[in-house]
Number of protein chains: 2
Amino acid sequence: MADIMEIPEARAFILHWGEMGSEWGVNRSVAQIHALLYLSDKPRHAEDICEKLGLARSNVSNGLKELQSYQIVRRVHMEGDRRDHFIADTDLWDMLMKITAERKRREIDPTIQLLGELAESLDKRDDVPAHVRERVGRMHDFIGNLANWYADVRRLPKSTLVTLMKLGGRVARLLPGSKA
Amino acid sequence: MADIMEIPEARAFILHWGEMGSEWGVNRSVAQIHALLYLSDKPRHAEDICEKLGLARSNVSNGLKELQSYQIVRRVHMEGDRRDHFIADTDLWDMLMKITAERKRREIDPTIQLLGELAESLDKRDDVPAHVRERVGRMHDFIGNLANWYADVRRLPKSTLVTLMKLGGRVARLLPGSKA
DNA sequence: TCTCTATTTCTGTAATTACAGAAATTCGGG
DNA sequence: CCCGAATTTCTGTAATTACAGAAATAGAGA
């Protein structure tokens, strides 16, 4: 079993990861490269990734750049080899946190910014229906609150997050004023 | 101000919502229709939506079907009008919950299912590298745990969720064994 | 039941996005 | 400083996805 791509389960994993990416707005090649690196225990260079996944060199180059911008893939240097090599996070908490943080930064934060401007602009006008003003404002507040919650919870240590996750809905029992 | 599309802020909101959809794997027209209905205080019929957004009738028909499958848009009957009319949720918590529930059902649950099968299949083989087996297994457990946590928390009453959100990272202080 | 209108489904096309290969650039080693 | 390998950027093409218009169906009212 010299090659990971000869393991049918690994192939299935990589292909599915690619499809998942597509469904969530991540380019398929990028997700596949990530999946391959996640399953690898040794750093791989770009040419190697091309060969395993059957992608063009340029594609892999761009994909690696994208994954590095999410900070879930890292470049490492291999002794006596000029080529860059790459490895992926294997800690899935870290991975999730980095992905969500980056997507927030890229997509959510600008949305909040825009909604804030629209809400402000609507507040200055008296010729727009009240329900329009109100709904834009409520959307702004809602997404803003979610984002603040996220930014806040994100700072907690991983162990605390794991505890909270195990707790699930029972976290409600800890709230002041809840019975038991 | 007879027409909502004459309010520049409303247009900007709808266009941005469409772009956001694209970035998260939701077709732009679908997201725009949703945004229009969210900003409307009266039910709208399909032809009306076509006209406001400049979309083809078929597109609007499919978009409405999609939004109804998420349960965030509802068909209502208007007295003395044969045409179907549509309204959107205005409660943003409800909306978020319905969207996440549906995406979990469509994309996450099948992924967990597949990962479970792959992990099981790998466990039966002795000719695959241990790290491959381990990493597929860990991914399965991780996503499974997240999904269970979500399903559990989702059942809490909205008011509890709001409380938890306001609490943010301070929720950690309520955990047994934390100081203060 | 028939007719007229609303709605959905189907099909071809347009637009977008992803991709491969080529060209240009960067960078390490001698 | 020059050579050669590695990498990135650029550009045209392929594949996918979204869309418009036409055709088919469903359904209310007479």
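We name chains A, B, ... by the order of the sequence lines, and we start the count at 1 in each one. Please read these numbers as outputs of a predicted model, since none were measured by experiment.
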**Report entry** Sidechain N-carboxylate O distance under 4.0 Å for A/R135, B/D41
**Finding:**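 No salt bridge links A/R135 with B/D41.
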Report task. Take B/E102 and B/K98 through the test salt bridge (charged side-chain N to carboxylate O under 4.0 Å, His left out) and record every step on the way to the result. Result -> CA-CA 6 Å; B/E102 183 65 13; B/K98 288 171 180 169; over 6 Å; no
Query raised in the report: Counting just side-chain N and O atoms, does B/K65 come under 4.0 Å of either OP1 or OP2 of C/dT7?
Result: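 For C/dT7, OP1/OP2 do not have a side-chain N/O of B/K65 under 4.0 Å.
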Query raised in the report: Within the pair B/N27 and D/dC19, is there a side-chain N or O less than 4.0 Å away from OP1 or OP2?
Result: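 Yes, such a contact exists.
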Requested in this report: Would you kindly compare A/N59 and A/D81 by the position of their nearest DNA chain D nucleotide and give the one closer to the 5′ end?
Outcome: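 Closer to the 5' end of DNA chain D: A/D81.
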Whole-Å gap separating [atom2] ([N]) and [atom1] ([X]):
| X | N | atom1 | atom2 | answer |
| --- | --- | --- | --- | --- |
| A/L55 | D/dA14 | CG | P | 18 Å |
| A/I33 | D/dT8 | CD1 | P | 11 Å |
| A/R44 | D/dA6 | CZ | P | 18 Å |
| B/L64 | C/dT9 | CG | P | 12 Å |

For [X], report the nucleic acid contact type (base, sugar-phosphate, nothing); a contact means any heavy atom under 4.0 Å.
| X | answer |
| --- | --- |
| B/G80 | nothing |
| B/R82 | base |
| A/G21 | nothing |

**Report entry** Working for side chain to side chain contact (heavy atoms under 4.5 Å, CB included), residues A/L114 and A/H140
**Finding:** CA-CA 9 Å; A/L114 175 73; A/H140 178 235; over 6 Å; no
Proximal nucleotide (of [options]) relative to the [X] side chain:
| X | options | answer |
| --- | --- | --- |
| A/S58 | D/dA20, D/dC10, D/dA6 | D/dC10 |
| B/N62 | C/dA20, D/dT8, C/dT9 | C/dT9 |
| B/R57 | D/dT8, C/dT8, D/dT7 | C/dT8 |

Query raised in the report: With a 4.5 Å limit on heavy-atom distance, are the side chains of B/L55 and B/I33 in contact?
Result: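 The answer is yes; the side chains approach within 4.5 Å.
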